[in-house]
Number of protein chains: 2
Amino acid sequence: MREGKPIGLLLVQTAKAVSRAFEDELAARGGSRPVWLILLALMDGAHRTQADLAAAIGVRGPTLTHHLGGMERDGLLTRKRLPENRRVQVVALTAKGRATFHKLRQGAMSFDRDLDRRFTRAEMVTLRDLLGRFGASATVGFGPDS
Amino acid sequence: MREGKPIGLLLVQTAKAVSRAFEDELAARGGSRPVWLILLALMDGAHRTQADLAAAIGVRGPTLTHHLGGMERDGLLTRKRLPENRRVQVVALTAKGRATFHKLRQGAMSFDRDLDRRFTRAEMVTLRDLLGRFGASATVGFGPDS
DNA sequence: CCTCAATTGATAGACATCTAACAGTTAGAC
DNA sequence: GTCTAACTGTTAGATGTCTATCAATTGAGG
């Protein structure tokens, strides 16, 4: 009666596979996971600073800077300094950025539906609770629930 | 009554946080996640080829080659060609490799215990079942249960 | 034998991510 | 008013991962 792999390993490997499948879904529509998360956060609106934005999508500042640079080059967004506080960069989506968001959202929503269909309501509640336990002492959070 | 983030996102972010904490634990003992997984697989024995080994730890061939190169440079293992089939590399741990394994195992075991303590027996069974659902159609497996 | 397909790893180049260190900007202390 | 500390973002360099492609070796047909 073995228990199998450590629960942490199982969690990480499961997440890796799911993340990969999600990447494929987005790639088929010309996007990627980080680009999708940034577009989503920007459409949700209201992020004061890049640091806020980075926290919302779960990466560090330099990683965000990296992706914003690429997305700016690709014409998905613009950055300009706030006149009244020239430290902060104001990030705004372009029309092309919004179009890309809508295209990728199709994939993301279909992916989410696929996953949701695998669990009953009750199971989903249980799963969210159990996943929450991992953060009990390790600080798992990435900003508000959206 | 919102449901919160998509379950896939929650899974991936939880795993990221756990993986990070595990990395820290190993780093404190001079290791890293991939090095630990390779040492563990080699101590468990019996991997015919590097491809087997890669599958066992959940990475692709080139990633494994990369780490084996580093570990060989660090004196943790040796590689030599099988005389009767000079395509396959025989990977063997050195004494230093085995010593590193034992050192890292302390951290890994303590980490696993910390996680295990957060769930009852029944919850653990439930969690493993629910995590298994993610692979239902997406092919999550990484070789046998060990 | 010789060629050609299959097997096994390695190399090249790309991407996402991190930490540490830096640079510009602002605001408060004196 | 100037100096200094805090804030915001960027740059530099490292690590882990991937796909696509290459190189060496083997074995099977003809």
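In what follows, chains are A, B, ... by sequence order, proteins preceding strands, each numbered from 1.
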For this session: Would you classify H67(A) as touching base, sugar-phosphate or nothing, given that sugar-phosphate means primed atoms plus P, OP1 and OP2, and contacts are heavy atoms under 4.0 Å?
Result: sugar-phosphate
Exercise. Considering the options D129(B), L127(B), T126(B), which one meets the side chain to side chain contact (heavy atoms under 4.5 Å, CB included) requirement together with T126(A)?
Worked result: T126(B)
Problem set entry | Atom-to-atom span, CZ of R87(B) to C1' of dT26(D) - whole angstrom | 4 Å
Problem set entry | In one Ile/Leu/Val/Met/Phe/Trp/Tyr side-chain cluster, 4.5 Å: L77(A), V88(A) | no
Exercise. Whole Å only: how far is the CD atom of Q50(A) from the P atom of dT11(D)?
Worked result: 11 Å
For this session: State whether R86(A) places a side-chain N or O below 4.0 Å from either non-bridging phosphate oxygen (OP1 or OP2) of dT25(C).
Result: yes
Problem set entry | Nearest-0.5 Å distance that lies between atom CZ in R29(A) and atom NZ in K103(A) | 10.0 Å
Problem set entry | Considering all heavy atoms, the nearest E25(A)-G107(A) contact | CG-O, 3.5 Å
Seminar exercise, completed: One should read off an interatomic distance between H47(B) NE2 and I57(B) CD1, to the nearest 0.5 angstrom, of 9.0 Å
Seminar exercise, completed: Closest non-hydrogen atoms of E23(B) and P34(B), given as atom of the first, atom of the second and distance, are OE2-CD, 3.9 Å
Seminar exercise, completed: Nearest-nucleotide check on DNA chain C, R33(A) vs N85(B); residue mapping nearer the 5' end is N85(B)
For this session: Sugar-phosphate means primed atoms, P, OP1 and OP2; the rest is base. With that split, encode nucleotides 18-23 of chain C 5' to 3' as B, S or - using protein heavy atoms under 4.0 Å.
Result: BBB---
For this session: Report the nucleotide, chosen from dG16(D), dG9(C), dT8(D), that has the shortest atom-to-atom distance to any side-chain atom of Q89(B).
Result: dG9(C)
Seminar exercise, completed: Here the distance between atom P of dC15(C) and atom NE2 of H66(B), to the nearest Å, is 18 Å
For this session: Return the value, rounded to whole Å, for the distance between atom NE2 of H47(B) and atom C1' of dT8(C).
Result: 17 Å
For this session: Could you check how far CH2 of W36(A) sits from C1' of dA16(C), rounded to whole Å?
Result: 19 Å
Exercise. Cluster question for you: counting only ILVMFWY and a side-chain heavy-atom cut-off of under 4.5 Å, with indirect links fine, are M43(A) and L68(A) together?
Worked result: yes
Seminar exercise, completed: Between CD of E23(B) and P of dT17(C) the distance, given in whole Å, is 15 Å
Exercise. Under 4.0 Å: is that the gap between some side-chain N or O of S32(B) and OP1 or OP2 of dT15(D)?
Worked result: no
For this session: Measure from the side-chain heavy atoms of T65(B) and tell me the nearest of dA16(C), dG9(C), dT17(D).
Result: dG9(C)
Exercise. Got a second to check how far L42(A)'s CG is from I38(A)'s CD1, nearest 0.5 Å?
Worked result: 7.5 Å
For this session: Kindly compute the distance separating CE (M71(A)) from CZ (R79(A)), expressed to the nearest 0.5 Å.
Result: 10.0 Å
For this session: Mind listing the residues from residues 70-82 of chain A sitting with a heavy atom below 4.0 Å of DNA chain C? Number order is fine.
Result: none
